[in-house]
Structure formats: structure tokens, C-alpha cells
Participant: 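Before anything else, here's the structure in question.
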Amino acid sequence: MQESPRPLLHRRDAEDLVLTTAARAEQDQTAVSAATRILSAMARREPGSTERLLDILPDAFPWVPALTSGHGEDHGPVPDPRDVS
């Protein structure tokens with residue numbers, strides 16, 4: 001799938017803006033939300049899956065190891081991303 005370029009608006013005294021359609025922004029949010037729910041469900045349901053995810057996530061996100069203490073501490077269950085309270 002080829003992503004079409006989004007126009008970038010450079011501003012002098014503020015952060016740059018990316019122009020996109022509302023439909024495209026909604027598609028992006030839907031994809032991120034689905035991926036979050038999938039990873040969260042995997043971590044809740046399968047023993048050892050959190051460790052497995054932490055092993056493979058650095059392939060895509062090199063900063064992930066900085067989020068773990070490396071001491072094998074249990075930080076409790078993975079929160080449900082649908083809970084916004």
C-alpha cells in the first residue's frame with residue numbers, strides 16, 4: 001500500500017502543520033485504535049505474551065526497552081485502552 005504524500009505547511013513561529021482530509025485522519029485513528037486493541041487483548045489473554053511483545057516491539061520501536069526496568073517486576077495487568085477514566 002503506497003501512502004500519498006500529505007502537504008506540509010511550514011510556519012515561522014509555530015509548529016509545522018500537516019494537511020489531510022477528515023476521512024484520512026479518521027482512517028489513521030481507526031488503524032491505531034485497532035492495533036492498540038489487538039496488542040492489549042494479546043497481552044491480557046496469553047501467558048508470557050507481554051514478554052514476547054517486549055521482545056519484538058523494538059524491531060519497530062527502538063525506544064521500547066527504555067520503558068522496562070529490566071528487573072522482571074510485575075506492573076500489574078495491562079489496562080484496557082477503551083477505559084479513559
Side-chain angles (χ1 to χ4, degrees):
M1 181 168 101
Q2 183 178 358
E3 187 174 321
S4 60
R6 299 178 194 184
L8 182 63
L9 177 63
H10 296 285
R11 300 188 299 170
R12 282 183 218 159
D13 299 325
E15 187 175 356
D16 291 347
L17 298 175
V18 175
L19 300 177
T20 190
T21 65
R24 178 57 192 243
E26 185 177 345
Q27 288 174 343
D28 290 350
Q29 179 58 37
T30 299
V32 169
S33 178
T36 301
R37 288 193 313 271
I38 290 168
L39 292 173
S40 179
M42 285 176 57
R44 282 193 314 270
R45 293 183 182 169
E46 189 174 330
S49 61
T50 300
E51 292 78 16
R52 194 170 321 137
L53 286 172
L54 290 174
D55 285 342
I56 62 173
L57 280 176
D59 291 349
F61 306 105
W63 45 262
V64 168
L67 301 178
T68 62
S69 64
H71 298 290
E73 299 163 3
D74 183 4
H75 298 285
V78 174
D80 189 330
R82 295 170 289 189
D83 293 340
V84 292
S85 57

Participant: Nearest 0.5 Å, what's the CH2-CG distance between W63 and L57?
Facilitator: 8.0 Å

Participant: Nearest 0.5 Å please: distance from the CG atom of L9 over to the CG atom of D16.
Facilitator: 7.5 Å

Participant: How many angstroms lie between atom CD of E46 and atom CD of E51, to the nearest 0.5 angstrom?
Facilitator: 10.5 Å

Participant: Would you indicate whether R45, at its atom CZ, is surrounded by more than 12 heavy atoms from other residues, nucleotides or ligands within a distance under 6.0 Å?
Facilitator: no

Participant: Applying side-chain hydrogen bond (donor to acceptor under 3.5 Å, both in side chains), can you list everything that pairs with D55, at least two apart in sequence or on another chain?
Facilitator: none

Participant: May I ask whether I38 and V32 are part of the same hydrophobic cluster, defined by side-chain heavy atoms of I, L, V, M, F, W, Y residues being less than 4.5 angstrom apart, directly or through others?
Facilitator: no

Participant: Quick one: closest heavy-atom pair of D28 and R6, and the distance?
Facilitator: OD2-NH2, 2.8 Å

Participant: Quick one: OG on S49 to CG on L39, what's the gap to the nearest 0.5 Å?
Facilitator: 9.5 Å

Participant: Would you confirm whether T30, through its side chain, and E26, through its main-chain N or O, come within 3.5 Å as a donor-acceptor pair?
Facilitator: yes

